[in-house]
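What you see below is based on every heavy atom in this structure, not just the backbone, and it leaves out hydrogens, waters and symmetry mates. Atoms within a ligand are numbered from 1 in the order they appear, just like the ligands themselves.
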Amino acid sequence: MQTLLVTGGAGFIGSNLVRMLAQQGQYRVVILDALTYAGNLENLEGVITGSAVKFVHGSITDVECLANLFATESVDSVLHLAAESHVDRSIASAAPFVETNITGTLRLLEAARAAGVKRFVHVSTDEVYGTLGPEDPAFTEDTPLQPNSPYSASKAGSDMLVRAFVHTHGMDCVITRCSNNYGPYQFPEKLIPLMTLNALEGKPLPVYGDGKQVRDWLHVEDHCRGIMLALEHGRAGEVYNFGGYGERYNIDIVMAILERTGADTSLIRYVTDRPGHDRRYAINPHKSSSELGWHPLHSVEEGLAATIDWYRSNSAWCENVRSGAYMEYYAKHYGTSL
Ligand code: NAD
Ligand code: DAU
């Protein structure tokens, strides 16, 4: 059985990916995660067995940790998701984004290359392409990179390092770029879980600017299937875009959340806009469909309703995230504090 190293496996997308892999049982999985504020081992409750799915606490910036891991785990391929992922945090402080997303990716590439891994899948974002006007065609893999936030600039930097390792060292890497994910286990700093939890608790819903920014919503399960298709069928050195055909105004997403939760529209607060706020993202996923046979299976309406219901029925998870109690999980289960 092949071994996959999943970096960032305790985060939102990483934990959904590991859960999917554990259910399928085709791969042994080793998770490497630094357990920053965004890493939550409760996302993987019942999934980490130690044998089929193993958890390693460590950072992609830690050269020694990486060397030990590759020396002991016989990693066949890497699925690289670890990152600082929140745009607002990158506006407040960009340095951790450069450290993790650029330096960390470089160190991981070097360690994976030294270990001779078969394939390295780098999970990137549509935000590297910049912003679109209302009538612009959707991003393709050939759209020039024009990142606008410190977050997207750091992701673009990591993409360029991956590209350089392919070109210079002949490493077998694939880059995926996808639109906004939603689904279970997303940290409630991002639009959909934040608005859902606030609506359920009767708290104000902060809508940035006029709320008419457009995001192209993709269910996390569809993204995870895409990552695995890129691993198994992608061509070395290629980029694959994943999008949900799910363009919606932010305010329409917020209204749908209010309707599903039964909360009142008076909770909406229009607040000061995000500096440099990208107006519209939209993905053209034609290449992934034609080369990988990938198609999103969830519609935004069905996926959003199921996601809101998931947060409503997983109140213990929500409470622990809101209170910060989730950060005690590692100490409780592994006997040492972080
Ligand atoms: P997340 O913030 O929920 O999780 C990130 C995970 O990485 C956390 O578990 C965190 O502990 C871990 N991590 C952070 N720094 C680390 C380090 N130095 N070493 C090891 N682990 C570290 O992020 P997410 O939303 O799950 O995103 C996963 C990846 O997908 C990121 O690379 C992100 O850029 C990309 N992406 C996300 C979206 C989205 O909508 N969420 C869309 C496109 C691309
Ligand atoms: O497009 C992919 C990207 O999507 C990923 O690469 C990022 O990791 C991920 O965080 C996400 O970035 P966004 O900035 O688009 O996501 P966020 O959930 O922060 O915001 C979505 C939209 O909602 C955006 O236009 C800002 C707006 N927003 C967000 C928050 C948190 C609000 O209006 N109010 C809010 O409180």
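At a 3.5 angstrom cut-off on N or O pairs, Tyr208 counts as close to ligand 2. For ligand 2, none of its N or O atoms has an N or O atom of Tyr281 under 3.5 Å away. Among the atoms of Val207, none of the N or O lies under 3.5 angstrom from an N or O of ligand 2. Residue Cys178 has no N or O atom closer than 3.5 Å to an N or O atom of ligand 2.
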Practice task
Verify side chain to side chain donor-acceptor pair (under 3.5 Å) between Tyr311 and Gln186, making sure each step is shown before the conclusion.
Solution key: CA-CA 10 Å; Tyr311 287 102; Gln186 188 167 30; 4.7 Å; no

Exercise for the section: Just do the salt bridge (charged side-chain N to carboxylate O under 4.0 Å, His left out) check on Glu127 and Arg177 with the steps written out, would you? Expected result: CA-CA 8 Å; Glu127 295 199 17; Arg177 295 189 182 129; over 6 Å; no

Handout entry: Full working for salt bridge (charged side-chain N to carboxylate O under 4.0 Å, His left out) between Arg260 and Asp309
Key = CA-CA 8 Å; Arg260 186 81 183 176; Asp309 294 351; 2.6 Å; yes

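Salt-bridge annotation for Arg274 and Asp88: present, with a side-chain N of the basic residue lying under 4.0 Å from a carboxylate O of the acidic one.
Among protein residues, Gly8, Ala10, Gly11, Phe12, Ile13, Asp33, Ala34, Leu35, Thr36, Ala38, Gly39, Gly58, Ser59, Ile60, Leu81, Ala82, Ala83, Ser85, Thr100, Val123, Ser124, Thr125, Tyr151, Lys155, Cys178, Ser179, Asn180, Asn181 come within 4.0 Å of ligand 1, judged on heavy atoms.
Residue contacts with ligand 2 for Asn250 involve side-chain atoms from C-beta outward but no N, CA, C or O (heavy atoms, distance under 4.0 Å). With a heavy-atom cut-off of 4.0 Å, Glu127 touches ligand 2 through its side chain alone.
Rounding to the nearest 0.5 Å places OG1 of Thr61 at 8.0 Å from CG of Leu66.
Nearest protein heavy-atom neighbour of atom 34 (N) of ligand 2: Pro206 O, 2.8 Å. At the shortest separation from atom 31 (C) of ligand 2 among protein heavy atoms lies Glu189 O, 3.2 Å. Protein heavy atom in closest approach to atom 8 (O) of ligand 2: Ser85 O, 2.7 Å. For atom 1 (O) of ligand 2, the nearest protein heavy atom (residue, atom name, distance) is Asp126 OD1, 2.5 Å.
Among pairs with a residue in residues 22-51, those fulfilling ring-ring contact (aromatic ring centres under 6.0 Å, His included) read Tyr37-Phe187, at least two apart in sequence or across chains. For residues 88-139, the set of pairs meeting the ring-ring contact (aromatic ring centres under 6.0 Å, His included) definition, not counting sequence neighbours, comprises His80-Phe120, His80-His122, Tyr129-Phe139.
Scanning Arg215, His277, Arg89, Lys212 for the heavy atom closest to atom 26 (C) of ligand 2 points to His277. Nearest to atom 20 (O) of ligand 2 by heavy-atom distance, out of Arg280, Arg274, Arg269, Lys190, is Arg274. Comparing Ile192, Asn180, Leu205 against atom 4 (O) of ligand 2, the shortest heavy-atom distance belongs to Asn180. Closest to atom 18 (O) of ligand 2 by heavy atom, among Val254, Leu194, Leu191, Ile13, is Leu191.
In this structure a side-chain-to-backbone donor-acceptor pair under 3.5 Å is missing from Thr168 to Phe165. Looking at Arg119, its side chain never comes within 3.5 Å of a backbone N or O of Val117 through a donor-acceptor pair.
Both tests hold for Arg215 against Tyr281: distance to the six-membered ring centre under 6.0 Å, angle to the ring axis within 45°. Judged by the 6.0 Å distance and 45° axis criteria, Lys190 is not positioned over the aromatic ring of Phe12.
Near Tyr151, the atoms of ligand 2 lying under 4.0 angstrom from a non-hydrogen atom of the residue are 5 (C), 6 (O), 7 (C), 8 (O). Per-residue contacts place His86 under 4.0 angstrom from the following atoms of ligand 2 (heavy atoms of the residue considered): 19 (O). Numbered from 1 in the order shown, with element, the atoms of ligand 2 that lie under 4.0 Å from a heavy atom of Thr125 read 1 (O), 2 (C), 3 (C), 5 (C), 6 (O). Applying the 4.0 Å criterion to heavy atoms of Val87 picks out, from ligand 2, the atoms 14 (O).
Judged as a ring-ring contact (aromatic ring centres under 6.0 Å, His included), and not counting sequence neighbours, the contacts of Trp294 are Phe242.
Counting only N and O atoms by type, the side chains of His298 and Asp222 include no donor and acceptor under 3.5 Å apart. A donor-acceptor pair shorter than 3.5 Å can be found between the side chains of Tyr240 and Glu291.
At a 4.0 Å cut-off, not a single heavy atom of Lys155 sits close enough to ligand 2 to count as contact.
Using cut-offs of 30° and 60° on the angle between ring planes, the pair His57 and Tyr330 is tilted.
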